[in-house]
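Working notes, beginning with the structure itself.
Quick note on labels: first sequence line is chain A, next is B, and so on, each numbered from 1. As the structure is a prediction and not an experimental result, all values here were calculated from the model.
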Amino acid sequence: MLDIKFIRENLQLVETNNKNKRIEVDLKKLVEFDDERKQLQAQIESLRSERKRVSKTKPSEAEIAEMRQKGDKISQLEEAFRNVENNFNEIIYKIPNIAHESTPVGPDESGNKVLRQIGERPKLDFTPKEHWQLGKDLDIIDNEKAANVTGARFTYLKGKLALLQFALLQHAFSIITDEKRIKKILKKAKLDLKSTPFIPIIPPVMIRPEVFQRMARLEPKEERYYIPSDDLYLIGSAEHTLGSLHIDETFNENDLPIRYAGYSTAFRREAGSYGKDMKGILRVHQFDKLEMESFSLPEDSVKEQDLFVAIQEELVQSLGLPYQVVQICTGDMGGPDARQIDIEIWMPGQNKYRETHTSDMMTDYQSRRLKTKVKRKNGKTEFVHMNDATAFAIGRTLIAIMENYQQKDGSIKIPKALQKYCGFKVIKNE
RNA sequence: GGAGAAGUGGCCGAGUGGUUGAAGGCGCCGCUCUCGAAAAGCGGUAGGCUCGCAAGGGUCUCGUGAGUUCGAAUCUCACCUUCUCCGCCA
């Protein structure tokens, strides 16, 4: 959520930003509701003030009668106030975050900007298979059985592929929980930030509607799984319960940044993507993911995202996978984002780059509603800035490994860095 | 799942219908004393919204929400959370 004061003082900027992000909002109405709200508030408060003053003493019969009337009037005005506030909220919740100055303006993914391409694509002297074919041939992915048991877009990861998931995790944790490694990455990226390591977390995978709303992630609701019996949603990313971990909290300046590495299952209904990527495990309703989340000082948040991207690159490079870094344009980025940067790994089987990592810098857009703040050394309180990024989306990273490391004989080599964790060097038909 | 108890400021804790946004203590900050520190003494110590150039004012907040009342931290209801006992359980 944006600050209404900021909106009022920067109407033109917000208007333009909405347009760039392709979201239609009636700002004039918003301002009108805000005016109305304030006016009602003033009326209510002056009536309350009177009532309070009288009620501090033992009032006479006449005064009681008068106050009874005033009380009715207050109730009336309060209801009007609630209505106006609901209307107001409905609009302000829709307004997306202001895009960072470096964000390219564009209508959709065609406006995204490739920042750099790193790594050599594998030279294969045979026609590479797609991951789902490899998975079937090697009997390590079984969507057909999953369809019987749970439905479309679910999967069984089997055998060595299942083990590889845990190897990936151990590998990633070994890097991002190590302060020395973080320091190195910061130095290489020429970033001046604290080298605070990430705290490993296994968060809840369900979340209350109210908290989901305050994370600005409840919408689009069609994308969320909901459990009516307990009024809970399943999270679509560890971000949802990591970012809300410090709801209604105020940090001291010295405590920041706080960095978490959260591992959880993510649940997505994939509404609106019917028929898209139906084969294999690229787009499924349930997948596991290691996610980075941080709370930082406002002036550090851009650098913090640079660190997140540097970590992502380090992780992808450590697996020897070719990738490109893409800066997402206004029309394609998430509503809460000020700056979004994706990493896409080259997939030989599909003969194209596919998104495996994303990084969202959200300034104080989430923290304002979460009321996660920092008390500065000068005594002032501000909202913290929040960053969120993928460390490894396991499924898609497995796809990247399968397709890039496939051999002519149909086997898959294991990246060197993972071998010590999984204990094998190849996946082949036994 | 059943029975019971409780949720007050950064922390502990008083307060059961009327100058209580809240006694007292701890902590924290400032000052005095001291060469300095400790101790002691004095003073100050929540946040949101809103009006105001400011000084300052108004209002809301005692887990959350709704209600009773002229008036609610105090009474009623629902929900959330915590604790105790019983049951069940990876």
Same-atom distance ([atom1]) from [N] to [M], integer angstrom:
N: B/A73; M: B/U59; atom1: P; result: 13 Å
N: B/G63; M: B/G57; atom1: C1'; result: 30 Å
N: B/U16; M: B/C11; atom1: P; result: 23 Å
N: B/G43; M: B/G47; atom1: C1'; result: 23 Å
N: B/C12; M: B/U50; atom1: C1'; result: 34 Å
N: B/G10; M: B/A6; atom1: P; result: 24 Å
N: B/C79; M: B/G25; atom1: P; result: 40 Å
N: B/U64; M: B/A55; atom1: P; result: 30 Å

Starting from the 5' end of RNA chain B, give me the residue, A/E50 or A/K373, whose nearest nucleotide shows up first.
->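 Its nearest nucleotide being more 5', the pick is A/K373.
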Taking for each residue the nucleotide of RNA chain B bearing the nearest heavy atom, is the 5' side occupied by A/E45 or by A/V54?
-> A/V54
Taking only residues at least two apart or on different chains, which pairs with a member in residues 327-342 of chain A satisfy side-chain hydrogen bond (donor to acceptor under 3.5 Å, both in side chains)?
->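 Sorted pair list: A/S102-A/Q327, A/N112-A/D332, A/Q305-A/R339, A/D306-A/R339, A/Q340-A/D342, A/Q340-A/T358, A/D342-A/T358.
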Residues in side-chain contact (heavy atoms from CB on, under 4.5 Å) with [X], at least two apart?
X: A/Q12; value: A/E15, A/T16
X: A/E313; value: A/R116, A/I118, A/V309, A/Q317, A/Y323, A/V325, A/I343
X: A/K413; value: A/Y405, A/Q407

So where does chain A start and stop touching RNA chain B, 5' to 3', when the test is distance under 4.0 Å to a non-hydrogen atom?
-> B/G18 to B/U81
Pairing partner (Watson-Crick or G-U wobble, both distances under 3.5 angstrom) of [N]:
N: B/G18; value: B/C70
N: B/C42; value: B/G30
N: B/G9; value: none
N: B/A37; value: none
N: B/U84; value: B/A3
N: B/A78; value: B/U64

Residues from residues 30-42 of chain A lying under 4.0 Å of RNA chain B - heavy atoms |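 Those residues whose heavy atoms fall under 4.0 Å from RNA chain B, taken from residues 30-42 of chain A in numerical order, are A/K38, A/Q41.
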Within residues 63-81 of chain A, residues whose heavy atoms come under 4.0 Å of RNA chain B | A/I64, A/M67, A/R68
Heavy-atom closest pair (A/F424 atom, A/Q419 atom, distance to 0.1 Å) is O-CG, 3.7 Å
Closest heavy-atom contact between A/D139 and A/K158?
->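 That would be OD1-NZ, 3.0 Å.
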Test salt bridge (charged side-chain N to carboxylate O under 4.0 Å, His left out) applied to [X] - qualifying residues, sequence neighbours left out:
X: A/D178; answer: none
X: A/E344; answer: none
X: A/D230; answer: none
X: A/E223; answer: none

Side-chain polar contacts of residues 192-209 of chain A - donor-acceptor pairs under 3.5 angstrom, sequence neighbours left out - could you list them?
unit_1, atom_1, unit_2, atom_2, d
A/K194, NZ, A/N254, O, 3.2
A/K194, NZ, A/L256, O, 3.0
A/S195, OG, A/E179, OE2, 2.7

Answer yes if the ring centres of A/F212 and A/H240 are under 6.0 angstrom apart, and no otherwise.
-> yes
Select base, sugar-phosphate, or nothing to describe what A/K371 touches, counting heavy atoms under 4.0 Å on all strands.
-> nothing
